[in-house]
Amino acid sequence: MRRSYARHLAIFFPAILVVAVFMLIKPSTRSQNTTASDPKPQQNTNEFPRRFDHPDREKERARRWEVRRELLIEKGYLTEGMSEEEELAVFDKVLGRFGPRDPSEDDNSERAELRKELELRYLEEGIGHRRWHGRGMGQPHPGEFGYQGVGIFEGRGLTLGDTVPSMQVFDINGQPVQLSQTWQDRPVLLVTGSITCGFTQECISQLDALSRRFSSDVNVVLLYTLEAMPNDEEAPGPAGEALAEQYESSDVPSYPQPKSLQQRLELAKAFRDQCNVQSTILVDTMNNDGWQAFGQAPGMAVLITPDGKVAHKEGWFNAYVMADEIEAELRQ
């Protein structure tokens, strides 16, 4: 028995010895690749740079700084020749970007208005905005209408890949035009809305910002449809009651539902003037062909390709998501 143990040890001991020697030599081999001038192993050059060291992000941060300076110089808060420390102090005082937000500040304050203007400029420049990308079509959503008006709005009417049917609409002066003319030479961003829709009023400034940002590549159109919340009848469409409850406000103009094209044209002009709409306004027919086709909802946004197909659809217009979709479409 003892001879058997001895024979086994004679067989396995050399193997164990070889493994032990290898483990001792391996670290020293790695250390030989490190010189005295470079005490740490060289970083993999294929590794993606840290987020804050990426050259594109540094460029964006520099441009964001310039946009802030331009805005505050226009408003008289900054003057040329200020040091960086002085400018930072002004940013902190005026915009509150570098300190806690004043809890007593309301949405109508001067600071809030400056922030809104700054965010619009970021959106127009395509920099520095904090996106909420929302959910994709077909994904679960809370409740029937969900955040940003998704859900039932997206599920009605034209959807991704559909071809927009031929339809006649009117320019703001009442002249008939084919809606397809808006996407003959380039994609079109189309948003539905009316003067009695609080959400549409909220998004006009963002819509116009995208119109300026993509002025040479995309047509931007607001399709004026029937009134979202008329004062003489129930709000139309599958989500009328919910919209009426959500956007019931004294700030939203009150008008009856137009009974003629002339009345609708007059409201479209009033909407243009009151909200200072810079984008093109087209007016739906009294048969509401456009409203029916796109989903029977105000504030709905559709990106249409030059061949007339729906490339992207939103239950309620989200400028940041739409900007990304437009850029993706233009890269194709």
Side-chain angles (χ1 to χ4, degrees), residues 63 119-129 131 133-134 136-137 148 153-154 157-194 200 203-225 268-269 271-272 275-285 289-295 297-332:
R63 182 55 186 150
E119 289 300 323
L120 284 176
R121 297 196 181 194
Y122 286 161
L123 177 63
E124 185 175 345
E125 293 277 345
I127 59 171
H129 48 258
R131 302 183 183 95
H133 283 281
M137 293 183 63
Q148 289 294 89
F153 292 169
E154 286 182 354
L158 296 166
T159 188
L160 295 181
D162 288 348
T163 299
V164 181
S166 176
M167 67 180 75
Q168 177 183 282
V169 292
F170 300 90
D171 65 20
I172 203 161
N173 295 316
Q175 297 300 312
V177 297
Q178 289 295 319
L179 186 61
S180 59
Q181 292 179 3
T182 61
W183 60 75
Q184 280 186 344
D185 58 341
R186 63 184 69 180
V188 61
L189 165 57
L190 183 145
V191 175
T192 61
S194 65
T200 306
C203 72
I204 286 301
S205 57
Q206 294 183 337
L207 183 67
D208 287 339
L210 291 188
S211 180
R212 294 188 295 270
R213 176 173 168 182
F214 298 106
S215 60
S216 61
D217 300 304
V218 175
N219 292 328
V220 177
V221 173
L222 187 138
L223 181 64
Y224 196 96
T225 62
K269 292 177 181 178
F271 180 72
R272 175 197 62 188
C275 297
N276 192 28
V277 182
Q278 304 298 313
S279 304
T280 300
I281 296 179
L282 296 178
V283 181
D284 201 5
T285 66
D289 296 329
W291 185 78
Q292 294 283 356
F294 290 110
M300 180 175 289
V302 183
L303 179 62
I304 306 172
T305 62
D307 59 355
K309 294 187 180 298
V310 176
H312 178 66
K313 182 178 180 180
E314 297 172 353
W316 279 1
F317 173 56
N318 185 319
Y320 302 108
V321 177
M322 184 60 74
D324 289 345
E325 294 294 333
I326 291 174
E327 290 181 344
E329 177 64 28
L330 294 177
R331 286 195 296 266
Q332 293 183 4

Asker: Just verifying a value: how many Å separate R212 CZ and L120 CG, rounded to the nearest 0.5 Å?
Answerer: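 So the gap between those two atoms works out to 7.5 Å.
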Asker: Just how far is it from atom CG of N318 to atom CD of Q206, taken to the nearest 0.5 Å?
Answerer: 7.5 Å
Asker: Go through F214 and V220 one step at a time and tell me if the side chain to side chain contact (heavy atoms under 4.5 Å, CB included) criterion holds.
Answerer: CA-CA 9 Å; F214 298 106; V220 177; 5.9 Å; no
Asker: So does F294 get a backbone contact from the side chain of K313, meaning a donor-acceptor N/O pair under 3.5 Å?
Answerer: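 Flag set: sc K313 to bb F294 pair under 3.5 Å.
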Asker: Considering all heavy atoms of both residues, which atom of T200 and which atom of G193 are nearest to each other, and what is their separation?
Answerer: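 Taking T200 first and G193 second, the nearest heavy atoms are OG1-CA, 3.5 Å.
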Asker: Let's go through F317 and L210 carefully: what are the C-alpha distance in whole Å and the side-chain angles of both, what is the deciding distance for side chain to side chain contact (heavy atoms under 4.5 Å, CB included) to 0.1 Å, and is it a yes or a no?
Answerer: CA-CA 12 Å; F317 173 56; L210 291 188; 3.8 Å; yes
Asker: Could you give me the CA-CA distance, side-chain angles and deciding distance for V302 and L158, then say whether side chain to side chain contact (heavy atoms under 4.5 Å, CB included) is met?
Answerer: CA-CA 9 Å; V302 183; L158 296 166; over 6 Å; no
Asker: Would you name the heavy atoms of A268 and I281 that are closest together and state the gap between them?
Answerer: O-CD1, 4.2 Å
Asker: Minimum heavy-atom separation for S279 to D208, with atom names?
Answerer: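 Looks like OG-OD1, 2.6 Å.
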Asker: Under 3.5 Å, sequence neighbours excluded: what are the donor-acceptor pairs made by side chains of residues 163-174?
Answerer:
residue: T163; atom: OG1; partner: K309; partner atom: NZ; Å: 2.9
residue: S166; atom: OG; partner: Q178; partner atom: OE1; Å: 3.3
residue: D171; atom: OD1; partner: N173; partner atom: N; Å: 2.9
residue: D171; atom: OD1; partner: G174; partner atom: N; Å: 3.0
residue: D171; atom: OD1; partner: Q175; partner atom: N; Å: 2.8

Asker: In a table with atom names and distances, give each donor-acceptor pair under 3.5 Å that connects a side chain of residues 181-188 to protein atoms at least two apart or in another chain.
Answerer:
residue: T182; atom: OG1; partner: L179; partner atom: O; Å: 2.7
residue: R186; atom: NH1; partner: S215; partner atom: O; Å: 3.1

Asker: May I have the step-by-step check of side chain to side chain contact (heavy atoms under 4.5 Å, CB included) for L207 and V277, ending in yes or no?
Answerer: CA-CA 9 Å; L207 183 67; V277 182; 5.8 Å; no
Asker: Going from OG1 on T225 to CG on D284, what distance comes out if it is rounded to the nearest 0.5 angstrom?
Answerer: 6.5 Å
Asker: Please report the interatomic distance NE2(H312) to CG(L189), rounded to the nearest 0.5 Å.
Answerer: 9.5 Å
Asker: With sequence neighbours left out, what residues match S211 under side chain to side chain donor-acceptor pair (under 3.5 Å)?
Answerer: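 Testing S211 for side chain to side chain donor-acceptor pair (under 3.5 Å), a comparison that skips the adjacent residues, returns none.
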Asker: Report the distance from atom CD of E327 to atom CD of E325, rounding to the nearest 0.5 Å.
Answerer: 10.0 Å
Asker: A323 and R213: which non-hydrogen atoms are nearest, and at how many Å?
Answerer: CB-NH1, 3.6 Å
Asker: Is a side-chain N or O of D162 found less than 3.5 angstrom from the main chain of T159, in a donor-acceptor match?
Answerer: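 Checking the backbone N and O of T159 against the side chain of D162, a donor-acceptor pair under 3.5 Å is found.
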Asker: Please find the pair of heavy atoms, one from A209 and one from L123, that lie closest to each other, and give the distance.
Answerer: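 Distance-wise, the nearest heavy atoms are CB-CD2, 4.0 Å.
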Asker: What's the spacing between L222 CG and T192 OG1 if we round to 0.5 Å?
Answerer: 7.5 Å
